[in-house]
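A short write-up of the structure that comes next.
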Amino acid sequence: MRAFADLLDSLIYTRSRNAKLKLIGDYLRATPDPDRGWAMAALTGDLDLPAVKPAVIRAMVDERVDPVLFRISRDFVGDSAETIALMWPEPHGAPPLPPEALTLSAVVDRLALLSKSDTAGVLGVYLDAMQADERYALLKLATGALRVGVSARLAKTALANAFGVDVDAVEEVWHGLTPPYSALFDWVEGRGDQPTAADVPTFRPFMLAHPLEETVVDLADYAAEWKWDGIRVQLVHVAGETRLYSRAGDDITRSFPEVAVAFRVAGVLDGELLVRGDAQGAGRDDATASFNALQQRLGRKTVSAKMLADYPAFVRLYDILFDGPEDLRPLPWTERRTRLEGFAARLPAASFDESSVIDASDFAHLGEIRAGSRDAAIEGVMLKRRDSPYVSGRRVGLWYKWKRDPLVADCVMMYAQRGSGKRSSFYSDYTFGCWTENGELSPVGKAYSGFTDEELKWLDRFVRNNTVARFGPVREVEKTLVLEVAFDSIHASKRHKSGVAMRFPRISRIRRDKPAAEADTVAALERLIT
């Protein structure tokens, strides 16, 4: 654990991407198997220790540390693992663990076999035997919440750079491998063949788009499609098996069994998972419910018959990666589009359709079409270079996303909560509300982005100077500050007291000039529901 703790400590205090790549690469070259494989699993979010739950850790801490003191300290520090690591009492008379019991692989192997009843005892023994930074690393590892500024892609890039291989080749086989990735390290160090994804329904990284911003494109070179507001999925059918993968590569097959059952043609497709419905686009062939309807299905391990009937899922297809065993990714978009249309004709229409190409005479005409669309299931427009291959990640000039202009509303700050990580000293998470017909404020959303560092400092001072009540880490503030909130769309919601739910809310402006009484009403937000 010593080397892994040193790595995490260095990554936390390193902002440079290249420096992070070097730190991870140096660690992977210097660390033996299987420790480095488990470290990669932790950095990429692929390490699962199901017995270690936050509730178990909290109960364990309450037995060893004064609970009131811990909660006060946690509120100040802003991170549970760091607070526990610093406050954990020194053991009295406990025999030290041998060094071989404290290697990363030994710790992972032990934690992976724990029952819930044994977890607290074993964790306590480890925490007693470790120094503060090792305790921090252990708790972050065990809970899967590293938050050290390293994405899964960056960790894989570091591995590829360290051993002189192509990161896309690593990505290609990653989801067909399991920790601690012995076959992967054998390949990159020249002791074995490159792993293959043949006959395994593995995930391939998505091709992503850059924001259009001020760019103007020629529609002779680019095709335009609607950008639908669902979740991006990859459908894989290989050797009789079907898998649905989310954008992050998570297997979501069990949450959408009707889609998996309907996909029975060998190949790999890219599309948007949506819910069929007549609330949006009624009377159109592509009638689609809002994201709020899809949200009822997300994260469910089992889906009831009623849920399947009320929120029928389908996939609107964007692209094709494989047709049977044939890899189509090197082909230009125009050819892939033709192949996609032919492939889709072999699929049941109730579960699959294609995202139509927008018929626009030029870029200005496309802008008018985009501006005129306020369908709740549409996020904006995608622009795809007609000669572009399908490549992983974002490549400049190939695909662009042109999101529709956000909706805005003036809301009143009601509550604030401390952030995490580098924001742990600031009140940076804000709950805001709008006026009801009874003249009361009702919460309509929560946001923690959209403001500059200077604005964050100003907002933090406002919260501290205008607190009227405290609820643990949350402060209630005087209802005097108006925030202009931008959001992509708004939907009716039975789960929220106000009856509405915002999609991607963020603070766009601090309205110090506007009295709280002039903020928007819930009724005004309801009129924005499409």
Side-chain angles (χ1 to χ4, degrees), residues 16-18 20-21 24-25 44 149-175 194 197 202-228 230-236 245-250 267-272 316-323 326-340 354-355 357-358 360 363 366 370 379-404:
S16 165
R17 180 178 184 275
N18 288 337
K20 288 179 185 287
L21 290 172
I24 299 171
T44 56
V150 175
S151 65
R153 174 74 178 186
L154 189 141
K156 295 169 192 173
T157 302
L159 183 148
N161 291 353
F163 297 101
V165 298
D166 181 27
V167 66
D168 288 340
V170 175
E171 288 270 28
E172 178 75 13
V173 300
W174 186 265
H175 287 268
Q194 180 176 352
T202 59
F203 168 78
R204 275 88 174 178
F206 282 105
M207 185 169 180
L208 304 174
H210 279 277
L212 187 65
E213 296 177 339
E214 301 301 319
T215 307
V216 175
V217 303
D218 187 343
L219 293 191
D221 299 323
Y222 288 82
E225 300 176 18
W226 290 118
K227 179 174 172 45
W228 298 94
I231 64 167
R232 190 97 174 265
V233 292
Q234 187 175 113
L235 298 129
V236 183
Y245 292 105
S246 71
R247 182 188 179 111
D250 297 323
V268 180
L269 303 181
D270 175 351
E272 195 84 4
R316 184 149 288 153
L317 301 173
Y318 290 146
D319 216 319
I320 182 167
L321 286 70
F322 283 78
D323 186 348
E326 185 182 0
D327 188 352
L328 305 183
R329 290 173 295 177
L331 298 179
W333 175 86
T334 50
E335 292 186 38
R336 294 199 313 278
R337 176 70 191 195
T338 300
R339 295 289 294 268
L340 175 66
E354 303 118 79
S355 181
V357 177
I358 301 172
F363 188 77
L366 178 63
R370 167 183 166 272
E379 273 193 319
V381 170
M382 289 291 297
L383 290 155
K384 300 180 179 179
R385 191 168 176 87
R386 297 177 187 273
D387 60 0
S388 62
Y390 193 101
V391 292
S392 63
R394 290 182 175 85
R395 305 294 175 92
V396 176
L398 298 186
W399 284 10
Y400 290 106
K401 55 185 176 182
W402 191 15
K403 287 195 173 185
R404 66 187 183 191

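Along the sequence shown, residues carry numbers from 1. The shown structure was predicted, so the numbers you read here are calculated from the model rather than taken from an experiment.
- For the atom pair Arg232 CZ and Met207 CE, the distance stands at 9.0 Å (nearest 0.5 Å).
- Ion pairing of Asp168 with Arg153 is present here, as a side-chain N (NZ or NE/NH1/NH2) and a carboxylate O approach within less than 4.0 Å.
- The nearest pair of heavy atoms linking Ser392 to Pro205 is CB-CB, 3.6 Å.
- Applying the side chain to side chain donor-acceptor pair (under 3.5 Å) criterion to Glu354, with sequence neighbours excluded, gives no partner residue.
- Separation of the Phe206 and Trp399 ring centroids does not fall under the 6.0 Å cut-off.
- Side-chain contact between Leu383 and Leu366 is present, with at least one heavy-atom pair separated by less than 4.5 Å.
- No donor-acceptor pair under 3.5 Å is formed between the side chain of Tyr390 and the backbone N or O of Leu328.
- To the nearest 0.5 Å, atoms CG (Leu235) and CG (Leu317) are separated by 7.0 Å.
- With salt bridges taken as basic N to acidic carboxylate O contacts below 4.0 Å, none links Glu225 and Arg316.
- Contact record, Leu398 with Ser388: CD2-CB, 4.0 Å, taken as the closest heavy-atom pair.
- Closest heavy-atom contact between Trp333 and Lys384: NE1-CD, 3.7 Å.
- In this structure, the side chains of Arg17 and Thr157 come closer than 4.5 Å at one or more pairs of heavy atoms.
- The shortest non-hydrogen separation linking Asp270 to Leu321 is CB-CD1, 3.9 Å.
- Listed here is the closest heavy atom pair of Met382 and Ala209: CE-CB, 3.7 Å.
- Results of the side-chain hydrogen bond (donor to acceptor under 3.5 Å, both in side chains) test with Glu272 over Trp226, Trp228, Tyr318 single out Tyr318 as the only residue that passes.
- Here Trp402 contributes atom CH2 and Lys227 contributes atom NZ; the two are 14.5 Å apart, rounded to the nearest 0.5 Å.
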Margin query: Asn161 vs Ile24, test: side chain to side chain contact (heavy atoms under 4.5 Å, CB included). Steps then yes/no.
Written below: CA-CA 10 Å; Asn161 291 353; Ile24 299 171; over 6 Å; no
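- With values rounded to the nearest 0.5 angstrom, Leu21 atom CG is found 4.5 Å from Leu154 atom CG.
- With Ile320 as reference, Arg336 is the one residue of Glu326, Arg336, Arg329, Glu335 to meet the side chain to side chain contact (heavy atoms under 4.5 Å, CB included) rule.
- No salt bridge links Glu171 with Arg204; every basic N to acidic carboxylate O contact stays at or beyond 4.0 Å.
- Two residues are said to be in side-chain contact when any heavy atoms from C-beta on lie closer than 4.5 Å; Leu269 and Leu340 meet this criterion.
- The structure places CG of Asp221 at 4.5 Å from CZ of Arg385, a figure rounded to the nearest 0.5 Å.
- Contact detail for Phe203 and Arg247: the closest heavy-atom pair is CZ-O, 3.8 Å.
- A distance of 8.5 Å separates OH in Tyr222 from OG1 in Thr215, rounded to the nearest 0.5 Å.
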